[in-house]
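Below: one structure, written as structure tokens.
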Amino acid sequence: MSCIIEWDETLSLTKRRDPSSLAFSFTQTCMKIKFRFSIGPWNISEGRDPYGPETRPVRDLAWKLPLFKKGGFDAVMFHDDDVVPEIDSKSAARVLEEAAQVRRQLEDEGLFAEMVAPRLWFSERTIDGGFTSNRAQDREYAIERSLRTIDIANTLGTKLIVLWLAREGTYLRESKSCVRSMELLAQAVNKMLDHDPEIRIAIEPKPNEPVDVAYLPTLGHALAFAHLTRDPARVGAVVESAHCVLAGLDPADELEFALAQKKLWSVHLNDQNGLKFDQDKPFGSVSLRSAFNQVRVLDQHAYGAKDGACIAFDAHSFRTSSINHALDHATNSRKTFLRLLEKVRSFDEAGAAALIADRDYQALDQMVLNHLLAS
Ligand code: XLS
Ligand code: MG
């Protein structure tokens with residue numbers, strides 16, 4: 001694994017505040033984390049929305065990977081069928097052959113696989129959900145496909161499986177039972193945990209879309225659910241900024257909540273304009289201050305320093321963008337992250353602590369704004 005932490009010669013001292021002066025204490029270690037960035041092939045999308053067709057041509061993985069590398073990305077996140085297209089029509093042996101081929105492609109580009117997620121929401125067999133479908137044969141299909149995803153992850157060289165439980169919920173509240181669905185979900189996750197004792201499963205909560213009401217809508221639900229499984233220590237979370245906004249929650253607080261439980265195994269940074277359709281806007285596009293606070297908690301808690309966890313940007317191009325600008329939303333998200341990191345590291349923490357001690361939150365508010373506005 002490459003070096004995650006770089007010590008800054010000029011800031012080699014550990015600053016410690018007087019804990020008695022604050023209701024809480026915060027230790028800034030002044031180590032510089034070298035964040036690693038990740039992106040998914042689906043983030044170069046074709047521009048289709050529910051009201052109109054594609055606006056850009058389809059590009060394959062061989063076209064996307066060098067672009068990712070050039071854009072400053074270290075890792076790639078995959079759905080199972082991003083690795084093996086039309087996966088359902090292929091034998092287990094063929095699936096692993098194709099996965100091995102993708103691993104070679106990644107290595108040739110100097111990239112690695114961050115995670116693999118089963119795409120359980122596209123098949124005609126998961127119309128009513130996968131693990132929580134009311135049809136036994138659909139549930140079997142979803143579990144089987146998830147076990148194959150683990151085999152693909154092993155071939156690609158990652159132990160991180162992401163579960164975005166897109167259709168595990170209801171369109172109609174009376175159609176399923178929540179208790180029954182929790183049992184079914186736990187059974188499915190247990191089978192995955194048993195399939196490979198080394199994998200970790202990161203649940204990506206989202207409150208709605210495509211379903212009306214999702215079973216694991218927030219991080220709190222996901223982490224509580226982990227305790228219904230056989231091995232809660234191997235069930236953690238991915239926090240996506242936009243999904244927090246859709247649930248009416250603060251993304252920085254959600255990140256920190258997961259960090260406090262040592263369950264933040266990936267992040268999908270992006271932005272979202274209020275309680276509307278899922279927008280996957282570039283990071284910081286709607287609220288720079290929220291983005292600043294997200295970067296701040298990740299830096300303060302040395303996210304990724306120990307386990308190599310990546311910063312992923314799960315954003316999409318605007319529908320109006322041409323194929324020549326197909327990655328700009330992601331490279332811009334990364335640039336914004338890095339600029340905000342400078343802002344985080346140059347923030348007057350001692351000044352902020354003094355204002356907190358005086359409970360002068362009005363001045364603290366203005367201090368944050370002035371810092372963000374300063375060139
Ligand atoms: C959808 C999710 C999805 C996951 C990966 O809203 O963000 O893209 O990140 O399955
Ligand atoms: Mg996501």
Side-chain angles (χ1 to χ4, degrees), residues 37-50 64 73 75-85 87 113-123 126 129-131 142 145-146 148-150 152-153 156 158 160-169 188-189 192 200-219 221-222 236-247 249 251 254-255 258 264-273 275-283 285 294 309-317 329-330 333-334 337:
F37 297 98
S38 173
I39 184 167
W42 72 88
N43 296 126
I44 296 194
S45 62
E46 287 80 45
R48 189 178 53 183
D49 72 13
K64 292 177 183 178
F73 291 89
V76 184
M77 20 178 208
F78 291 100
H79 294 116
D80 53 355
D81 58 0
D82 293 322
V83 183
V84 184
I87 189 168
E114 182 206 357
M115 63 81 164
V116 189
R119 196 194 298 269
L120 293 176
W121 52 94
F122 232 79
S123 163
T126 55
F131 305 135
R145 188 153 164 175
S146 304
R148 274 184 165 197
T149 298
I150 296 171
I152 292 173
L156 292 184
T158 176
L160 187 63
I161 305 296
V162 166
L163 283 185
W164 171 47
L165 298 167
R167 295 189 196 276
E168 314 301 351
V189 169
M192 294 174 72
R200 293 183 305 155
I201 297 178
I203 295 174
E204 182 178 341
K206 184 178 178 185
N208 59 286
E209 210 184 303
V211 286
D212 177 14
V213 184
Y215 277 136
L216 298 183
T218 67
L219 176 66
H221 289 81
V238 177
V239 171
E240 175 160 325
S241 328
H243 297 179
C244 302
V245 175
L246 285 169
L249 298 169
E254 294 303 286
L255 292 172
L264 189 62
W265 296 345
S266 186
V267 296
H268 286 183
L269 302 185
N270 57 10
D271 218 340
Q272 168 73 25
N273 189 9
L275 304 182
K276 300 179 183 177
F277 61 94
D278 187 9
Q279 298 171 329
D280 289 335
K281 288 192 176 201
F283 183 53
S285 166
Q294 290 172 65
C310 293
I311 303 284
F313 297 107
D314 196 1
H316 289 279
S317 302
H329 61 290
S333 292
R334 184 178 169 278
F337 180 96

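Just so you know, ligand 1 is whichever comes first in the structure, and atom 1 is the first atom listed for that ligand.
In this structure, His243 has a heavy atom closer than 4.0 Å to ligand 1. Val162 does not count as a contact of ligand 1, since none of its heavy atoms falls under 4.0 Å from the ligand.
Formation of a donor-acceptor pair under 3.5 Å by the Asn43 side chain with backbone atoms of Ala315 is found in this model. Between the side chain of His329 and the main chain of Pro282, no donor-acceptor pair closer than 3.5 Å is present. When atom types are taken as modelled, the side chain of Thr158 and the backbone of Glu114 share a donor-acceptor pair closer than 3.5 angstrom. Between the side chain of Asp271 and the backbone N or O of Lys281 there is no donor-acceptor pair closer than 3.5 Å.
When non-hydrogen atoms are compared, ligand 1 lies under 4.0 Å from the side chain of Glu240 (C-beta onward) but not from its backbone. Contact annotation: for Glu204 versus ligand 1, heavy atoms closer than 4.0 Å belong to the side chain alone. Here Trp121 has side-chain heavy atoms under 4.0 Å from ligand 1, and that is the only part of it that gets that close. The side chain of Lys206, and not its backbone, has at least one atom closer than 4.0 Å to an atom of ligand 1 (non-hydrogen atoms only; side chain from C-beta on).
Between Asp278 and His243 there is a side-chain heavy-atom pair separated by less than 4.5 Å. Within the 4.5 Å cutoff, the side chain of Phe337 has no heavy atoms near those of the Gln294 side chain.
For Arg148 and Asp80, the salt-bridge test fails: no basic side-chain N is under 4.0 Å from an acidic carboxylate O.
Annotation for Gly130 and Glu168: closest pair N-OE2, 3.0 Å, computed over non-hydrogen atoms. Nearest heavy atom pair, residue Trp265 against residue Ile201, reads CZ3-O, 3.4 Å.
With hydrogens and angles left out, the side-chain atoms of Asn270 and Asp280 include a donor and acceptor closer than 3.5 Å.
For ligand 1, the atoms sitting less than 4.0 Å from at least one non-hydrogen atom of His268 are 9 (O), numbered in the order shown with element in parentheses. Near Asp278, with a cut-off below 4.0 Å to any heavy atom, the atoms of ligand 1 are 6 (O). With ligand atoms numbered from 1 in the order given, ligand 1 contributes 5 (C), 10 (O) to contacts under 4.0 Å with heavy atoms of His79.
Checked against the 6.0 Å centroid criterion, the rings of Trp121 and His79 qualify as a close aromatic pair.
Here the protein contributes Glu204 OE2, Glu240 OE1, His268 ND1, Asp314 OD2 as N, O or S atoms under 2.8 Å from the Mg ion (ligand 2).
Regarding atom 8 (O) of ligand 1, its nearest protein heavy-atom neighbour is Asp314 OD2, 3.1 Å.
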